[in-house]
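Only one structure is covered here, and it is reproduced in the block below.
Every number for a ligand or one of its atoms is a count from 1 in the order of the listing.
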Amino acid sequence: MTINTTEPRTIKIFDTTLRDGEQSPGASMNIEEKLRLAKQLHKLNVDVIEAGFPIASEGDFQAVKKIAQTIKGPEIAGLCRTGFMDIDRAWEALQYAEERGRIHIFIATSDIHMKYKLQMTPSQVLESAVTGVKRARSYTKNIEFSCEDAARTDLKFLVEMVTAVIDAGALTVNIPDTVGYTIPFEYFNIIRHLQDNVPNIDRATISVHCHNDLGLAVANSISAVQAGAGQIECTINGIGERAGNCSLEEIVMAIKTRSDILPFRTHVATDQLTPASRLLTAVTGIVVQPNKAIVGANAFAHEAGIHQHGVLMEKSTYEIMTPQAVGLTTNALVLGKHSGRHGFKKRLEELGYELTREELTKAFTRFKALADLKKEIFDEDVDAIVADEVMRSSERFKLSHLTVTSGSFAVATATVQIEIEGEQMRTAELGDGPVDATLKAIKKLTGSDAMLAQYNVGSITSGTDAQGEVTVRVVEGDRTVIGRGSSTDIIEASAKAYIDALNRLHFGSGIPHSLGSCGAL
Ligand code: KIV
Ligand code: ZN
């Protein structure tokens, strides 16, 4: 093992959960949800929060503006294309962050993107990039420029482009692997080539932004910093378009855990990683796979007898990092019927949830109702309560009552009552099973023509009294949302999940898929 003795180089962490992460199907968030996550990203101490793509939608504009106004500490970035309308709109939202407001401009530079997507020549693309950076320079010095699909860009042109945008005023140049195509040594060589051949490179920080199509986003990002990059772009839980982006928790823990051979450090407060991951799941409904590194349910579970034995004798036999380092608290206290508001609040705080008084009251009421039905309330139940009661900030439709009859000889019937903008509406429908009847009734009451693309039901904990959790993926036009609901009654959980999805379609601020990859022109 090589022991590193030189002073570690600090790598900036640029979080793009609220922008590139939000572009993953179903991850669209409204303004309050984005703000809630931005507060957690601040606690995580990331250097830059990319809050959205202001010109993409009014909701995204308002979210970037609100975050720029509210979050003090990290830099706040907003994405835009090279056109003046995009740049002006981005600054209109970012100006509240003053010098911490970062205009992030991008244009594609690979032959394939320039020819087929942009239908522009390389010199037109270069000119557009330089003009865009100069326009942004009239607002701020804090400018990042991204060469979209850089990893597949002709190296000579990439050098020319990077040199030109730095000359025009970009302080950060991003070299994205937009389609997750590159492999570590190749990406290392690209970054090294830029370091060695861009004459003004000392005036800018090289940033890297890796997608995970080949499962190499973290490995590629590590290679890039070894080659000299100073900023890594990543997302919580690795969410993002297609296979996602470089996962923040993985890259940060790789740098921390292997500091013996990686002479780098970040500012991230790693004990906030698990709370950030939980919060993102609660907000978006996108569940983390159990075997996901760092934040998956099994990441620190030593199931096999031989491993348990080793860990009991000496933790370092199988544990390369501690659960506490990533903010995983062991649940010493199982909540139940006799737990009071204080105990419940304490557990919420230990799990990383910061609720207002009003939110706590809502969650506690639901907790008490659940504790009457279920002997022990586990952390996963608490997560589901928060997701169900607190994260549903905007509700156009609200389930009031549900009665279902079904059985082997009966046609399933559901009578559903929903509050729609303050008015109670009721209807009954027959269906092919109780879930079908319930969803048909909801569809009829809400007048929605959204398509149910996926329906999953699972149990939150074990036991026949466990809460069921239903996740639905619903598509309407060019928007996809994920809805989630939990209850000890799975038909009620299904109704809640479907209604949650319809509310998200109604209030979502997401970037429509029609804007395409990275909001292509
Ligand atoms: O993947 C990509 O190229 C992007 C850029 C806009 C930074 O998301
Ligand atoms: Zn991207």
Of all N/O/S atoms in D20, which lies nearest to the Zn ion (ligand 2)?
OD2
What I want to know is whether H211 and ligand 1 share at least one N or O pair that is separated by under 3.5 angstrom.
yes
Please report whether ligand 1 has a polar contact with H104, defined as an N or O pair separated by less than 3.5 Å (distance criterion only).
no
Just checking, is any N or O donor in the side chain of [X] or [Y] under 3.5 Å from an acceptor N or O on the other one?
X	Y	answer
T82	S128	yes
N142	T140	no
D20	N245	yes

Have a look at ligand 1 and work out which part of [X], if any, has a heavy atom under 4.0 Å from it: side chain, backbone, both or neither.
X	result
T178	both
E241	neither
T16	neither
H113	neither

Can you name the one residue among R102, R100, K141 that meets salt bridge (Lys or Arg N to Asp or Glu O under 4.0 Å) with E75?
R102
With a cut-off of under 6.0 Å to the ring centre and 45° to the axis, is R19 in cation-pi contact with F53?
no
Would you mind listing which atoms of ligand 1 come within a distance below 4.0 Å of any non-hydrogen atom of [X]?
X	answer
N174	7 (C)
E148	3 (O)
S146	7 (C)
D20	8 (O)

Where the Zn ion (ligand 2) is the vertex, angle from H211 NE2 to H209 NE2 to 10°:
100°
Could you check if a side-chain atom of I55 sits within less than 4.5 angstrom of a side-chain atom of C80, using non-hydrogen atoms only?
no
For residues 275-282, please give each side-chain donor-acceptor pair under 3.5 Å, one per line with the distance, not counting sequence neighbours.
residue: S277; atom: OG; partner: N237; partner atom: OD1; Å: 2.8
residue: R278; atom: NH1; partner: D383; partner atom: OD1; Å: 3.0
residue: R278; atom: NH1; partner: D383; partner atom: OD2; Å: 2.5
residue: T281; atom: OG1; partner: S277; partner atom: O; Å: 3.2
residue: T281; atom: OG1; partner: I286; partner atom: O; Å: 3.2

E160 meets the side-chain hydrogen bond (donor to acceptor under 3.5 Å, both in side chains) criterion, sequence neighbours left out, with none
